[in-house]
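Order of listing sets the numbers, starting from 1, for every ligand and every atom in it. Predicted, not measured: the structure shown is a model, and the values here were computed from it.
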Amino acid sequence: MQALVLKNVSKSFGGIVAVDKVDLTIMVGESRALIGPNGAGKSTLFNLVTGEVSLDEGRILLFGKDLTHEPVQKRIASQLGRTYQISNLFSQLTVQENLFLASWQTWKKKVSLAATLFRSWRKFESERRYVVEIAKRVGLEGRLDTRVEDLSHGEHRQLELGITLAHEPRILLLDEPMAGLSVAERGFMTELIMSLKPEITVVIIEHDISVAFSIADKVSVLHRGAIIADGSPEEIANNQEVQQIYTLSRRSKDTRHA
Ligand code: ADP
Ligand code: MG
């Protein structure tokens with residue numbers, strides 16, 4: 001079964017073609033890495049899938065449903081989850097309070113938020129267990145009562161993932177989840193992401209190619225908005241066009257910094 005299908009999807013900003021006639025099919029249970037130089041159109045592709053940016057042409061299907069013209073909320077309801085490069089957490093609240101607020105959306109048929117706030121959510125035992133379960137899953141069970149502002153950078157990322165998991169996604173889009181993490185934190189996050197499959201289909205934008213290759217079953221390379229190659233990590237590593245693009249983009253960076 002197909003989790004995500006993009007058909008001939010394009011998006012321009014003024015004169016810049018950010019995404020150029022992209023065809024992409026990701027199967028349920030797959031983990032796919034999306035790599036490519038800065039400005040290749042990776043984040044825009046995610047924004048098109050979530051509906052945060054509207055496309056110029058093409059179609060987008062999630063689990064067989066055409067969501068091309070559906071709003072963001074409808075796509076999230078179709079079990080699409082996404083993390084961002086910039087934190088979206090309540091910094092004055094604790095880990096469990098953040099997870100509780102995120103989970104409420106999932107429970108809202110059972111529990112009214114007003115009643116919850118009025119009676120103090122701590123009285124909701126099964127909901128509390130749900131929150132603790134998610135905290136465990138992202139390695140934060142020891143930090144439940146810690147305020148977000150007192151968490152390390154790596155723990156912020158773990159909590160963001162937890163908040164996304166609270167919505168029970170079937171497909172998860174991760175935009176550079178390792179950005180700014182230490183080597184140890186990267187190792188932990190890699191394990192964490194790998195533990196999500198196969199129940200959750202994962203699409204990950206990752207700058208560090210070795211991380212991308214270790215997580216993904218399949219890799220797609222975006223360059224100037226177009227997918228120029230996809231295949232197994234080995235195939236991509238040996239692809240000459242891909243090697244050239246990476247060498248060139250590294251060289252232009254070196255010149256800029258010189
Ligand atoms: P990547 O994530 O691969 O680094 P992006 O998708 O962020 O690339 O950007 C692709 C291109 O689209 C870039 O040239 C970027 O400047 C442009 N772009 C992205 N978002 C916008 C926007 N909201 N308005 C104008 N240009 C944008
Ligand atoms: Mg980006």
Side-chain angles (χ1 to χ4, degrees), residues 4-24 26 31-60 62 67-69 71-72 75 80-89 153 156-157 160-161 164 171-181 185-186 189-190 193 202-213 215-216 218-231 233 236-237 239 241-257:
L4 175 65
V5 178
L6 273 70
K7 290 183 185 168
N8 199 36
V9 169
S10 293
K11 176 70 189 180
S12 296
F13 296 105
I16 297 164
V17 183
V19 172
D20 191 10
K21 298 187 178 70
V22 164
D23 286 308
L24 186 67
I26 294 167
S31 52
R32 176 76 61 103
L34 205 54
I35 65 169
N38 263 336
K42 305 179 296 295
S43 295
T44 303
L45 199 70
F46 273 14
N47 290 336
L48 291 169
V49 173
T50 57
E52 286 154 279
V53 164
S54 63
L55 46 67
D56 296 335
E57 59 170 327
R59 309 210 69 77
I60 295 174
L62 265 176
L67 294 176
T68 310
H69 300 293
V72 176
R75 301 185 198 208
L80 171 70
R82 185 210 169 138
T83 65
Y84 294 86
Q85 272 169 277
I86 299 157
S87 274
N88 242 333
L89 303 167
H153 186 61
H156 272 111
R157 293 274 170 203
E160 277 157 10
L161 188 56
T164 312
I171 180 165
L172 201 50
L173 311 181
L174 303 170
D175 195 345
E176 299 197 28
M178 314 288 177
L181 298 191
E185 288 171 331
R186 272 165 190 257
M189 189 54 94
T190 304
I193 293 168
V202 174
V203 191
I204 177 172
I205 296 175
E206 181 49 54
H207 216 68
D208 184 331
I209 291 189
S210 64
V211 170
F213 285 7
I215 289 178
K218 231 176 139 185
V219 179
S220 297
V221 186
L222 212 58
H223 181 51
R224 297 192 178 132
I227 291 191
I228 55 146
D230 53 16
I236 295 301
N239 182 305
E241 196 182 353
V242 175
Q243 286 172 0
Q244 239 165 26
I245 286 166
Y246 270 88
T247 314
L248 284 176
S249 83
R250 214 168 296 136
R251 226 177 264 153
S252 76
K253 234 186 260 168
D254 293 345
T255 339
R256 264 206 310 275
H257 292 313

Rounded at 0.5 Å granularity, tell me how far CD1 in Ile26 sits from CG in Leu34.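 Taking CD1 in Ile26 and CG in Leu34, the distance rounds to 7.5 Å.
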
Do you know the tightest heavy-atom contact between Asp230 and Ser220?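 Closest heavy-atom pair between Asp230 and Ser220: CB-OG, 3.4 Å.
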
What's the verdict on side-chain contact (heavy atoms from CB on, under 4.5 Å) for Ile204 and Ser31, showing C-alpha distance, side-chain angles and the deciding distance? CA-CA 8 Å; Ile204 177 172; Ser31 52; over 6 Å; no

Any N/O pair Ala40/ligand 1 closer than 3.5 Å: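 The answer is yes, given that Ala40 and ligand 1 share an N or O pair closer than 3.5 Å.
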
For Leu45, is at least one N or O under 3.5 Å away from an N or O on ligand 1?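 Between Leu45 and ligand 1 (N or O atoms, distance only) the closest approach is not under 3.5 Å.
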
Show the atoms of ligand 1 that are less than 4.0 angstrom away from any heavy atom in [X].
X: Ala18; value: 11 (C), 12 (O)
X: Ile16; value: 14 (O)
X: Asn38; value: 4 (O)

Applying a strict 4.0 Å limit to heavy atoms, is Gly41 in contact with ligand 1?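 A heavy atom of Gly41 does come that close to ligand 1.
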
Any cation-pi pair here, Lys42 with Phe46, using under 6.0 Å and within 45°?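 Not flagged: Lys42 not positioned over aromatic ring of Phe46.
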
Below 2.8 Å, any N, O or S contact between Ser43 and the Mg ion (ligand 2)?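 Under 2.8 Å: Ser43 contacts the Mg ion (ligand 2) through an N, O or S atom.
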
Kindly determine whether Glu206 and Ile215 satisfy side-chain contact (heavy atoms from CB on, under 4.5 Å), including the steps that lead there. CA-CA 10 Å; Glu206 181 49 54; Ile215 289 178; over 6 Å; no

Partner of Lys21 under side chain to side chain contact (heavy atoms under 4.5 Å, CB included), chosen from Val9, Asn8, Ile227, Leu6: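 Result for side chain to side chain contact (heavy atoms under 4.5 Å, CB included) with Lys21: Asn8.
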
Does Thr44 approach ligand 1 within less than 4.0 angstrom via side chain, backbone, both or neither, non-hydrogen atoms only?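 Answer for Thr44: both.
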
